[in-house]
Enquirer: 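Pasting in a structure now, in structure tokens, and then I'll have a few things to ask.
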Amino acid sequence: MNTTIIDIHSHLPAHPEQISRMLFSARKNMLKYVFVSTLSLGTEHCVEFPAKGEVAAANKHTFKYCEKYPDILKGYVYLNPCLNWKDELMKWVKHPAFTGIKLWISLKDDTGSPDICIPVLQAASELQVPVLIHSFYRSSENKRGELDPSELVSLARSSPGTDIIMAHLGGNWEKGCQAVKSAKNISVDISGFPAYRGSVEYAIKICGSSRVLFGADVPCRTFQSQIAKVYMSETTENIRAHIMSLNALRLYKTVFERI
Amino acid sequence: MARNMKKSSEHIIKRISPVHSVTIDYFAFCGTYPFGMPGHFSLARLAKELSIMNVSMAYVSDIGSFFKKNVVSANKIFLEKCRKFNCKCIRPVPVIDLSMPDFESEICHYIENYNLKAIRIAPNYHGYRLKAKCKRLADILNAYKIMLLIAKEIEDSRFQASCLGVKPLLINDLVPLFEAGFNSKVILNNFQFVEFKDYISDIPDNFYFDSTAFEKGFGELETFVEKHGVNRLVYGSHIPFLYAGAIMHNLHMSLLRVSKVSKIFKGIAGNA
């Protein structure tokens, strides 16, 4: 349990007090870095299709705290591909804490097509940074702009030079891992669902241990409940180390070269 | 070479297991989950994991009693298996289907024949509304001083097999319970307190939350303890759906003091 831990998927709460507690917990749980994005400020529920101003405020919040805690926090730029996202991306790419792009559930246009995300993926490829994308197979219908893992695979094929991370093992993890197994530019993170027995072993078996990354999805979850998934899984110490940090060090190579 | 040997998580679980004398788990299962992982989980395997985790006693139900058409039969087979297995740390808890017209006699049968101490209900899995059953349920539980465990869901319903269509148990359905005059203890399995905030300001003295769902929001555990004290919280592992030790680790590495975490593990008696 002496592994270095890099959390590649968490979020910053809006309130400073919550952020302090989050960082206290991160340090207690021995996290070296926490990669964060902000999806919304000032509302209890995040806006599914945020306006330009909301996205800008969210990213400002992220990088303000990355500057305050540079030893532990690194930031994603959160984008809404339905809007003019380029300006927002370019505003932050030079920031020393910039790690990549975060996309959530505003990923389809009015016709239901996710192709609006392709230019974003291509921009990430040019910048050589990964794109972390929320993706769920739900038992019921997905949200309007939410990608399921099969849609994510189509996008990944249209931009093969982009490193994509499918968050949450795709929700229904058995189905999600199967969906992305042949898309080699998609890695998966284990964040955001209870510590279901077998989930980590299954991701390793289907996707390969080099494509599985650790994420906690704080504040939707706790650091320690997500760490427990990896600690309690039946695998080798070597694979645990890869999931906890070594795969992130490789995938975010250009970012770590700057740190 | 040794670094690459496949290692069981047993050594990690042992390291985080509580060292104090009593640990009670109010949310554990065995049997077969028909829709994927964890698949089949035997009583022997459960007993082994409970032992590794230093659990003194677990209130265990059969997974099949959530899904089988004949719940009564599933319960009887499970209780017989437990009797034969004779493991002191496993306390079998039948899942009672309150839509059956004579559920009271089923409970009485278990009390007389199996020294029953608790029942579990899962109205959303068995397809009835709790409201209509509250009075009868309160009468029999009060008469026999039986503990009631209420399961919200046994798998995150967002990701269950689509054909199941089970929705999480609504808090709205539980509200009549708070007014039904229960004297017996009630354990809420896998509920988040945040779901209750619009319905109750204080938790009735005989109601307890298990710790399973408190990993669903950062700071929920600590906020709950700040507002309501540690006495309203007990330990639930959600084994075998969750990794053995996962909820234990969640409690140990939370921002709560060790003394408070110990109280949670000790269960209702420890909290009295």
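All values below were derived from every heavy atom in this structure, side-chain atoms included, with hydrogens, water molecules and symmetry-related copies excluded. Lettering follows sequence order; numbering is per chain, from 1.
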Enquirer: Non-hydrogen atoms of chain A under 4.5 Å away: do they reach the side chain of B/Phe41, the backbone, both or neither?
Expert: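 Just its side chain gets close to chain A.
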Enquirer: Considering only heavy atoms, which portion of A/Gln226 lies under 4.5 Å from any heavy atom of chain B: side chain, backbone, both, or neither?
Expert: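 The answer is the side chain of A/Gln226.
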Enquirer: What part of B/Glu155 gets closer than 4.5 Å to chain A, counting heavy atoms only: side chain, backbone, both or neither?
Expert: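 Both the backbone and the side chain of B/Glu155 come within 4.5 Å of chain A.
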Enquirer: Among the options B/Phe241, B/Phe214, B/Phe159, pick out the one with the most heavy-atom pairs lying under 4.5 Å from chain A.
Expert: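 The residue among B/Phe241, B/Phe214, B/Phe159 with the greatest pair count is B/Phe159.
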Enquirer: Between B/Thr212 and chain A, with a heavy-atom cut-off of 4.5 Å, which part of the residue counts as in contact: side chain, backbone, both or neither?
Expert: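 It is neither, since no heavy atom gets under 4.5 Å.
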Enquirer: May I ask you to say whether B/Glu215 pairs ionically with A/Lys229, meaning some side-chain N is under 4.0 Å from a carboxylate O?
Expert: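 Salt bridge absent between B/Glu215 and A/Lys229.
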Enquirer: Could you pull out all residues at least two apart from A/Tyr202 that satisfy side-chain hydrogen bond (donor to acceptor under 3.5 Å, both in side chains)?
Expert: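 With neighbours one apart ignored, the set is A/Gln178.
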Enquirer: Report which part of B/Pro38 has an atom under 4.5 Å of a heavy atom belonging to chain A: side chain, backbone, both, or neither.
Expert: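 The side chain, not the backbone.
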Enquirer: If I measure from the heavy atoms of chain B, does A/Tyr196 come under 4.5 Å with its side chain, its backbone, both, or neither?
Expert: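 Both the backbone and the side chain of A/Tyr196 come within 4.5 Å of chain B.
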Enquirer: What residue in A/Pro13, A/Ser139, A/Pro219 has the most heavy-atom pairs under 4.5 Å with chain B?
Expert: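 Maximum pair count with chain B is reached by A/Ser139.
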Enquirer: State whether A/Arg27 and A/Asp71 are salt-bridged, where the test is any N-O pair (Lys NZ or Arg NE/NH1/NH2 against Asp/Glu carboxylate O) under 4.0 Å.
Expert: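 A salt bridge links A/Arg27 with A/Asp71.
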Enquirer: Which one, A/Ser140, A/Ser199, A/Gly176, leads in non-hydrogen pairs under 4.5 Å with chain B?
Expert: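 Heavy-atom pair counts peak at A/Ser199.
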Enquirer: Any side-chain donor-acceptor pair under 3.5 Å between A/Asn238 and A/Thr236?
Expert: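 Their side chains do not contain a donor-acceptor pair, so the 3.5 Å distance test is not met.
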Enquirer: Which one of B/Pro240, B/Gly36, B/Cys163, B/Ala246 has the most heavy-atom pairs closer than 4.5 Å to chain A?
Expert: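 Of the options given, most contacts go to B/Pro240.
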Enquirer: Salt-bridge test for B/Lys216 and B/Glu195: reply yes if a basic N is under 4.0 Å from a carboxylate O, no otherwise.
Expert: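 Looking at B/Glu195 together with B/Lys216, the answer is no, because their closest N to O distance does not fall below 4.0 Å.
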Enquirer: Would you find a donor on one side and an acceptor on the other, under 3.5 Å apart, between the side chain of A/Asp7 and the backbone of A/Ala216?
Expert: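 At least one qualifying donor-acceptor pair exists.
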Enquirer: Knowing that exactly one of B/Phe209, B/Tyr59, B/Phe265 qualifies, which makes a ring pair (Phe, Tyr, Trp, His ring centres under 6.0 Å) with B/Tyr26?
Expert: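 It is B/Tyr59, the one option of B/Phe209, B/Tyr59, B/Phe265 that forms the ring pair (Phe, Tyr, Trp, His ring centres under 6.0 Å) with B/Tyr26.
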Enquirer: Could you check whether the rings of B/Phe66 and B/His126 sit parallel, tilted or perpendicular, using 30° and 60° as the cut-offs?
Expert: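 Tilted, since the angle between the ring planes falls between 30° and 60°.
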Enquirer: Using a 4.5 angstrom heavy-atom cutoff, name the option from A/Phe24, A/Phe193, A/Phe136 with the most pairs to chain B.
Expert: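 Looking at each option in turn, the highest pair count goes to A/Phe136.
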